[in-house]
Amino acid sequence: MAVRTSFPSSRPSLASDAPIGIFDSGIGGLTVAHAMAQAMPAERMLYFGDTAHMPYGDRSAELVRSYSTRIARFLVEEGCKAVVIACNSASATAKRAVQEAVGPEIPVIDVVAPVVEDLVRRGVEHVGIIGTRATIGSGIYGQSLREAHAREGLKGLRVEEWATPLLAPLIEEGWQDHELMDPVIRSYLGAAGWLDGASCALDALVLGCTHYPMAEQAVRRVVGPDVELVDGPAIVAKAVQATMADGDLMASPEYSLAHGHGFMVSDLTENFARSAHRFFGREIPLVAGGPWFMA
Ligand code: DGL
């Protein structure tokens, strides 16, 4: 029999003390959760990793939309005051569907728009993006950057996107510092036409998958010191903070500190339990549950 398991959380009386819901296909989105915890220590998060259905990056847009809307509804039923889509593949394909699913009262923040806004605000011209097949296939970064540049009357944008599907599984496996990482990254960036010997032609490289910040050092070794690696999680955390402030939704520290975060996955294996702390930067208690949970 299917049993829907809830987060072990209590409901606050103030809407602003409700947790922020955050989800990803798996544990990669914990890099965003970590940045949010750093930027907003008073906010409580309910994190959902859809480990039963990952990788989203190789799924059809329709399926990612259906998983994402179901998770977003679940988070709102659990009492969340906002939903953060901490997955580029879901942000690229399901943002509008998620907003429609939770209704206009709940702010939905994705991981693509804040990064695009940051690049446009700083006038960065030659931008490369790496990500999953779903993210790169959607063309979301290129399209959003071109539209924003046109809107702002900016010239000189060059944007190129390249799918790097092997990186997320390697990182998930804990191989972000393995000697195999550098040749794999070099091979992808070389095929994209961005490498010229030891130098890289880009001004900035967007790590367009929430797993990739874990491999920042390996990417840095390949691109050299002169290319900006765009810190997506920190930029997204700032956007979430601004949304909470604008909506008068900032939590009171007294409430949050007494309750803490919740971390749930749709399929809990020893491997996920072992890896999750690497992504969040400290031990976290993962529980199994969510809308598909079978007990
Ligand atoms: N974390 C996902 C993203 O940001 C990638 C992993 C997956 O393919 O599910 O796109």
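Whatever order the structure lists them in is the order used to number ligands and atoms, beginning at 1. No experiment lies behind these values; they were computed from the predicted model shown.
The protein heavy-atom contact nearest to atom 5 (C) of ligand 1 is Cys209 SG, 3.4 Å. The protein heavy-atom contact nearest to atom 1 (N) of ligand 1 is Thr210 OG1, 2.8 Å.
Of the polar atoms of Ala168, none of the N or O atoms is found under 3.5 Å from an N or O of ligand 1, judged by distance alone.
Within 6.0 Å of atom CZ in Arg158, 12 or fewer heavy atoms from other residues, nucleotides or ligands are found, so the atom counts as exposed in its surroundings.
With no hydrogens or angles considered, no side-chain donor-acceptor pair links Thr210 and Thr31 at under 3.5 Å. Between the side chains of Tyr141 and Asn88, at least one donor N or O lies within less than 3.5 Å of an accepting N or O.
Using the six-membered ring where Trp is involved, His53 and Tyr67 have ring planes that are parallel, under 30° apart on the 30 and 60° scheme.
Taking a cut-off of under 4.0 Å to the non-hydrogen atoms of His211, the atoms of ligand 1 that pass are 1 (N), 5 (C), 6 (C). Listed by atom number, the atoms of ligand 1 under 4.0 Å from Ser89 heavy atoms are 3 (C), 10 (O). Every atom of ligand 1 with a heavy atom of Tyr56 under 4.0 Å away is listed here by number and element: 7 (C), 8 (O), 9 (O). Near Gly57, with a cut-off below 4.0 Å to any heavy atom, the atoms of ligand 1 are 7 (C), 8 (O), 9 (O). Near Asp24, the atoms of ligand 1 lying under 4.0 angstrom from a non-hydrogen atom of the residue are 1 (N), 2 (C).
Ligand 1 lies nowhere less than 4.0 angstrom from a heavy atom belonging to Gly26.
For His126, there are no ring-ring contact (aromatic ring centres under 6.0 Å, His included) partners at least two apart in sequence or on another chain. With sequence neighbours excluded, the residues forming a ring-ring contact (aromatic ring centres under 6.0 Å, His included) with Phe48 are Phe74, listed by chain and number.
A chain of hydrophobic side-chain contacts below 4.5 Å, direct or via other Ile, Leu, Val, Met, Phe, Trp or Tyr residues, connects Leu189 to Met214.
Neither the backbone nor the side chain of Val111 has a heavy atom within less than 4.0 Å of ligand 1. When heavy-atom distances to ligand 1 are checked against a 4.0 Å cut-off, Thr132 comes that close only through its side chain, counted from C-beta outward.
Each of His211, Arg278, Gln217, Glu216 was evaluated against Gln176; a single residue qualifies, Arg278, per the side chain to side chain donor-acceptor pair (under 3.5 Å) test.
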